[in-house]
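Worksheet: the structure to be examined is printed underneath.
One-based numbering along the sequence shown.
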Amino acid sequence: MMNKKDLKYLLPFSFITALSIIFGKNIIAIYDTIVVIGVLDVIKSAAFIDCGIILFALTSLVVLKKLLDDKKRITKTSFCIITFSYLFFLYYRYVADWYWYSSFYFAHSVKYIDIISLIYFEFLAIAIYTWKTPLLRPKYHDDPFIVDSPITDHSQDLFGRNQFAIELAKKIQSEIPDRDAKSLAIGINGEWGSGKTSFCNLVHNSIDGNNRVIINFNPWRSSTPTKIIEDFFSVLIGEVQSYDVNLSNKLSQYSNTLTKIDENTLTKAIDAFVSNAAEDKGELYESINQSIKETNKQFIIFIDDLDRLDKKEIVEVLRIIRNTADFNNIVYIVSYDKGYVEEAIKEINKHNYTTYLEKIFQFEFTLPPYDFGTLRDEIKQNLENKLPPNLIIDGAKSVDYASNNGTPYTNRIVFTKRDV
């Protein structure tokens with residue numbers, strides 16, 4: 001059975017074949033008019049042309065050698081397209097009685113056009129060589145940096161957070177009695193390096209994806225606050241259109257109304273003429289709400305690293321959650337550093353910025369601090385992998401060294417896994 005990867009390579013070939021069948025005669029007529037008549041048909045056998053063709057052939061061999069030395073790789077899509085073109089050439093060269101070809105001055109049985117075969121076989125040699133030659137990895141030394149990557153599975157949970165993630169996932173997957181309650185927004189608060197992404201991954205893994213649409217939206221990849229709106233609805237529309245084209249069209253229309261800025265009178269007049277029968281923004285919003293409800297699907301949207309954004313971008317994401325995309329059956333799970341986000345809110349609301357997030361998120365969970373003992377154990381484990389055997393014990397003692405009050409000094413400098 002053909003997989004998606006094979007289909008990807010077959011599509012260009014099929015597309016070109018279809019075009020050739022449908023427009024073949026027209027394409028040939030255009031080629032004859034532009035290339036053949038007055039250009040190729042004036043080329044006659046001559047000694048200097050033979051020399052030029054031979055020089056071109058030698059140059060192509062040098063280029064082939066350079067490509068092989070540089071380990072240039074030929075994609076399968078390129079191979080399919082060029083091979084089809086070559087088969088097309090072979091048909092007109094040996095089967096169809098359509099063109100007359102000029103011969104070499106010193107070898108009448110060989111035609112000038114046959115240089116195409118030489119170039120194709122050089123191309124074929126590069127393709128075979130690159131496919132048979134494995135991609136070699138660089139030489140790495142056995143002394144890497146220790147990278148603080150978020151965990152992706154409960155088996156990697158060293159700090160006992162998985163059970164809470166499971167309980168939170170159960171709550172998220174429980175249907176709210178009021179189906180017109182709009183969206184549910186849950187905040188995951190934690191300082192930089194406190195494991196917010198890891199915790200959200202645990203929640204994600206505990207959610208049953210059947211009849212649910214799970215979306216990971218990364219606003220920090222957007223370039224401007226306005227682009228955040230476009231990107232958010234682009235992701236949402238992309239997920240929806242596979243099973244509800246009508247809903248995706250409504251979302252697209254709604255998104256367009258949100259991102260139109262600085263329209264002049266002419267633009268507004270044209271829009272009014274084109275969409276004079278369209279619903280206004282409020283009606284469109286309610287129509288989308290109803291359509292989402294009728295899908296009988298729950299939409300769960302993870303928004304990570306809100307504290308990577310600048311202040312205007314943060315406000316725009318909060319506006320999406322509680323205003324522009326506050327739709328039924330949607331659950332937002334947003335991770336952030338509350339102190340940083342409050343500083344952004346302070347720019348637009350100096351008086352009530354400390355309570356502003358309560359209007360955005362119905363529930364907020366602050367990740368508990370890491371256990372100091374577990375952090376020290378991880379430091380000792382990393383040291384054990386790096387230190388020579390005779391220093392491992394001394395290294396462990398240094399990590400556990402306590403001051404006069406009995407508190408290990410590492411407790412004052414290591415608070416998160418990132419600090420380790």
Side-chain angles (χ1 to χ4, degrees), residues 68-73 130-169 188-206 216 218 220-221 302-309 333 335-340 365-420:
L68 293 177
D69 290 342
D70 293 343
K71 297 181 174 58
K72 300 294 185 184
R73 304 190 74 82
T130 55
W131 295 342
K132 294 294 184 182
T133 305
L135 288 171
L136 299 178
R137 285 166 51 84
K139 181 180 178 181
Y140 289 103
H141 296 283
D142 190 23
D143 189 24
F145 288 103
I146 300 173
V147 180
D148 176 31
S149 301
I151 66 173
T152 56
D153 186 75
H154 66 87
S155 62
Q156 302 169 302
D157 177 33
L158 302 177
F159 302 97
R161 292 177 171 178
N162 187 57
Q163 188 56 45
F164 179 53
I166 293 173
E167 295 300 324
L168 181 56
I188 307 299
N189 173 39
E191 295 181 355
W192 183 264
S194 60
K196 299 186 293 294
T197 301
S198 295
F199 180 76
C200 287
N201 287 342
L202 294 175
V203 175
H204 188 294
N205 292 341
S206 301
N216 292 298
N218 300 313
W220 41 271
R221 292 179 181 170
F302 288 86
I303 302 178
D304 193 15
D305 289 331
L306 194 63
D307 42 23
R308 284 193 186 187
L309 306 177
I333 303 170
S335 62
Y336 52 81
D337 181 336
K338 187 173 184 177
Y340 182 83
F365 300 97
T366 300
L367 294 181
Y370 286 110
D371 175 65
F372 285 117
T374 305
L375 291 174
R376 287 199 302 275
D377 288 342
E378 188 167 358
I379 296 174
K380 286 185 282 188
Q381 179 63 50
N382 288 328
L383 287 174
E384 186 175 328
N385 295 333
K386 296 292 182 181
L387 292 176
N390 62 312
L391 292 179
I392 290 176
I393 295 177
D394 290 336
K397 288 181 179 179
S398 298
V399 173
D400 290 330
Y401 178 79
S403 55
N404 294 333
N405 62 7
T407 301
Y409 84 95
T410 51
N411 289 20
R412 289 176 284 170
I413 61 173
V414 180
F415 302 99
T416 69
K417 189 172 183 292
R418 186 163 295 164
D419 292 336
V420 169

Would you list the atom pairs, donor with acceptor, under 3.5 Å between side chains in residues 159-167 and any protein atom, with sequence neighbours excluded?
unit_1 : atom_1 : unit_2 : atom_2 : d
R161   : NH1    : S194   : O      : 2.7
R161   : NH2    : S194   : O      : 3.3
R161   : NH2    : P368   : O      : 2.9
Q163   : NE2    : E167   : OE2    : 3.2

Sequence neighbours left out, what passes side-chain hydrogen bond (donor to acceptor under 3.5 Å, both in side chains) with [X]? Give chain and number order.
X    : value
D305 : R308
T374 : D371
T133 : none
D304 : T197, S335

*Considering residues at least two apart in sequence or located in another chain, which fulfil the side chain to side chain contact (heavy atoms under 4.5 Å, CB included) criterion with F302?*
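Applying side chain to side chain contact (heavy atoms under 4.5 Å, CB included) to F302 gives C200, V203, H204, I207, I214, N216, I300, I333.
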*For S398, enumerate each residue passing the side chain to side chain contact (heavy atoms under 4.5 Å, CB included) test, keeping only those at least two apart in sequence or located in another chain.*
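Applying side chain to side chain contact (heavy atoms under 4.5 Å, CB included) to S398 gives none.
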Not counting sequence neighbours, which residues clear salt bridge (charged side-chain N to carboxylate O under 4.0 Å, His left out) with [X]? List them please.
X    : value
K380 : D377, D400
E378 : K417
D307 : K196

*Using distance alone, with no hydrogens and no angle criterion, decide if N189 and T366 have a side-chain donor and acceptor under 3.5 Å apart.*
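The answer is yes; a qualifying pair exists.
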*asked:* I'd like to know whether Y370 forms a side-chain contact (heavy atoms from CB on, under 4.5 Å) with D419, so could you lay out the CA-CA distance, the side-chain angles of the two residues, the decisive distance to 0.1 Å, and finally the verdict.
replied: CA-CA 11 Å; Y370 286 110; D419 292 336; over 6 Å; no
*Tell me, please, which residues at least two apart from W131 pass ring-ring contact (aromatic ring centres under 6.0 Å, His included).*
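Checked W131 against ring-ring contact (aromatic ring centres under 6.0 Å, His included); matches are F79.
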*Search all heavy atoms of P408 against all heavy atoms of G406 and return the closest pair with its distance.*
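Where P408 meets G406 most closely, the heavy atoms are CD-O, 3.6 Å.
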*With rounding to the nearest 0.5 Å, note down the distance linking OH in Y336 to CG in L309.*
14.0 Å
*Approximate separation, where rounding is to 0.5 Å, of N411 CG and L375 CG*: 8.5 Å
*Any donor-acceptor pair under 3.5 Å linking the side chain of D337 with the backbone of G339?*
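Pair found, side chain donor or acceptor close to backbone of G339.
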*Donor-acceptor pair, side chain of N382 and main chain of I379, under 3.5 angstrom*: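 Side chain of N382 to backbone of I379, a donor-acceptor pair under 3.5 Å: no, none is there.
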Side-chain donor-acceptor contacts of residues 138-149 below 3.5 Å, not counting sequence neighbours, with atom names and distances?
unit_1 : atom_1 : unit_2 : atom_2 : d
D143   : OD1    : K386   : NZ     : 3.2
D148   : OD2    : R418   : NE     : 2.9

*L391 atom CG: more than 12 heavy-atom contacts under 6.0 Å*: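 Yes, CG of L391 has more than 12 neighbouring heavy atoms, counting only those of other groups under 6.0 Å.
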